[in-house]
Amino acid sequence: MPRVLILEDETVLRAATARALAKLPAEVVEAATLAEALAQLDRGLPDVIVSDLDLPDGSGIELIGELGRRRARVPVIFVSAYLRAFRAQIPPHADVEVREKPVALDELRALVRERIGGVDDAIAPFAVADYLQLACMGKHSVAIEVTTTGKSRGRIEVVRGDIWHAVDEVGPGLDAFRRLTFAAATEVACRTLRGAPGTRTIEGRWEALLLDTARAHDEASWDGPAEVEELDPNDAAALEAALDEFDLEGALSAATDDATAATPPLARGTAPEVPRVDEFARAREQAIDALLGRDYPTAASFFARAHALRPDDRAVAANLERLAALGYAGSNQTEEEHDA
Amino acid sequence: MPRRIAVVSQKGGVGKTTVSLNLALAMAERGRRTLLVDLDPQGGVGHALAKGDGELPGLADVLAGQLAPGQAVMATHQAGLALLPRGRLDPIDVCELELWLHTPGRLEAVLAEADAGFDLTIIDTPSGLGMPTRAALRLADYALVPLQIERLALRSIAQLLRVIEHVRAHDNPKLELLGVLPTMADKGSEASVAVLVDAWNDLTAVLDTIVPRHPAFAAASEAGVPLGFLGGAPTPEARRFDLLAEELEQAMARLGGKELGHDRPQRALL
Amino acid sequence: MTGPSAPSSDRLALRALARRLRPPDGPTLRAAPAPVPPPTYVRLTAPAHGSTVPIATMPTTVAPAATPVAPPAPLPPSADELSGSAGWARLLEWCVIDVGVDAAILTDDRGLVIASAGVVDLELAQGIAARLVIAFHQADRMSTGPSRTMVIELDGIWLTGLRIDHGDEPLTLSVLAATPLATETRAALASAIAHKLAT
């Protein structure tokens, strides 16, 4: 059965959301803190996550980082109280949806239901620019660590929604920020920044900084003369005008596509674990079909396969147990072949 | 003829008037021409709007023969939202008002004139199961029941539901329970959740929207305005009533009947 | 299913009253609600205004609740929607969301779960479903033909069981709800499941 993880620290809201989502054919699991949610991830990956962005022990964005680290693609629906103030939109990303609180529960249920079916194959991984947008819009403090395809490492720090500092192997500051934001990356990790922030090496509004960098990146990838018009991050009027004119969303998604395209074959070997989710569902389907056909040995064997892929699915585990009690021991097919 | 929602509860202090006022505003903002009627002899809506007892003419003035029902309806600064206040009732005449409400047909006649051009009428009532509540239920299409999320409230809601069932069976067959609205929920409280879970199990029409405790409500009350009219940074709590309005419109559609706003008479533009 | 404590008679009365007044969302369970003895009241007649006639008291007669005229039962999803392995989940989801039951579990004749929806405590629900299968086996012995439907009032909740033919061994659908499942809904469900098995 698909599983939905709800991460929300407000007790009443968490209970109300769980109740609304329990009406779906899915198992609902709750967490009140980031730590609890990460523990749930250890127990088994959910199919969909509904999460608040602001938690007592960190930011919901860390979940994305954690999923990336596990090479897992799980759609996430963020719900946050603080989105209204921002004009800029989160770049369209099939894995992430953001809603402002309060959200109508039946709308949330519809969103979750759409995503229960599984993950679309052709999705770009979450990129640096995406993390930046989320962190800045939500006024979080995070450190984004980037490993590029050239194996060089770098780091961008956001403090309370302001782009604060960036450093890579070449040096610190705005240049590092520009290099890292649209670099072709093999690994991007995002962690909550704790403790007092260090020296600030980057000034200016985040929208302007992203816009500026996106334009530079965009123009640098043309064949024509690279005339990058430098914008003064502190000139509010010029920035407003430029923002109005420029298609930030378009530039960012184009840049994200570039980042993906630049990933060499070696990195694809470490691509997100989409097959895992599909394999479990498929094994389970085959088990049910066998069950309906009364082929219990086959059913047991497919349930065993599904169980191995997802040990914490209780419905599968229970059926496996029951079949064992009936005398049909399930084992992975490979073992059976080995024995035979 | 407008749809009429009676906002009723047995206990006091559950947020009836707050809900009536903010819901009426949200409905008006959605384009529904809304009349908010204050059936509370104590004049709860007037107090919520920081008006003194003798300030707003209304129902009492109609009873006294000084105003026609249409004249007692007053416009507000929100387009589409009008108010029929309790009126300048002398406290010693509360009994008279209640007896008048108890007499069948009296309130119906006045309200029919007053809310003729509206899409929706929201009737705020005093707490309790007495005459004003009964009168409102007799002529309403829907009952909306705010339920304070605490143990005692859940124990006593059965009494109100029994009255609603009785009115439906004997006086007003079209009356429907539109929904039970959890209010004053303590967001972080496990005890609140326990009461909510019992409400979900025992009752059927519990709405998804939950109105939490929040300082914005006290601030708005203090200022004598609905949440949406409070100065300063807009509070997300005002949006909650937009969600409530949406949810209630869906509930009304599910319970059958036309959508709000379809009864418009033909108008000439020029 | 939720809390461990048994509901008091007050709570049962509240549940019955709430469901008479407003059936769970969606036009649904039309069956008569569980007969719960109403509280005892005295009845008053209102005195004429200003009169000194004493208030008459009458012994308890609680008027029977008017049976609400329920709208017709919702149609189950089409054969198209129910096709494929996801169809089981879709059908049970229809039960929970459209029909308004609390939980639905479909098992084979050995208690193995094929699909479920609305279930909060899986272990508990599976236990109930498995025992229902056994109860059907017992019921089969009460007469010559197989038994098709069973309705059991458990503590605070109604269990409706449906048997659906499937070759030698039937499937069993267990439905938990505040009232028994209405006849039309049962028929619609059984028919939808049978169609799906045939394809």
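Note that the coordinates shown come from a computational prediction; the quantities given were computed from them, not determined experimentally. Below, chains carry the letters A, B, ... as their sequence lines are ordered, and counting in each starts from 1.
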With a sphere of 6.0 Å drawn around [atom1] of [X], does it hold more than 12 non-hydrogen atoms of other residues, nucleotides or ligands?
| X | atom1 | result |
| --- | --- | --- |
| B:Q42 | CD | no |
| A:R160 | CZ | no |
| B:Q250 | CD | yes |
| B:K51 | NZ | no |

Apply side chain to side chain contact (heavy atoms under 4.5 Å, CB included) to A:R14 and B:V193, showing your working. CA-CA 9 Å; A:R14 191 175 67 246; B:V193 174; over 6 Å; no
Show the nearest heavy-atom pair for residues A:T11 and B:G188, with the distance to one decimal. OG1-O, 2.9 Å
Over all atoms of both residues, closest heavy-atom pair of A:K101 and B:P236: O-CB, 4.0 Å
If you round to the nearest 0.5 Å, how far is CD of A:E8 from NZ of B:K187? 9.0 Å
With A:D106, which residues qualify under salt bridge (Lys or Arg N to Asp or Glu O under 4.0 Å), at least two apart?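 With sequence neighbours excluded, A:D106 shows a salt bridge (Lys or Arg N to Asp or Glu O under 4.0 Å) to no residue whatsoever.
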Among the listed options B:L243, B:T209, B:D186, the residue most often paired with chain A at heavy-atom distances under 4.5 Å: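 Winner by heavy-atom pair count: B:L243.
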Below 4.5 Å from any heavy atom of chain B, which atoms of A:A16 appear? Answer side chain, backbone, both or neither. both
Contacting moiety of B:E237, where chain A heavy atoms sit under 4.5 Å: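 Contact with chain A is absent: no heavy atom of B:E237 under 4.5 Å.
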Do the non-hydrogen side-chain atoms of A:R19 and B:D208 ever get within less than 4.5 Å of each other?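 Sidechains of B:D208 and A:R19: in contact.
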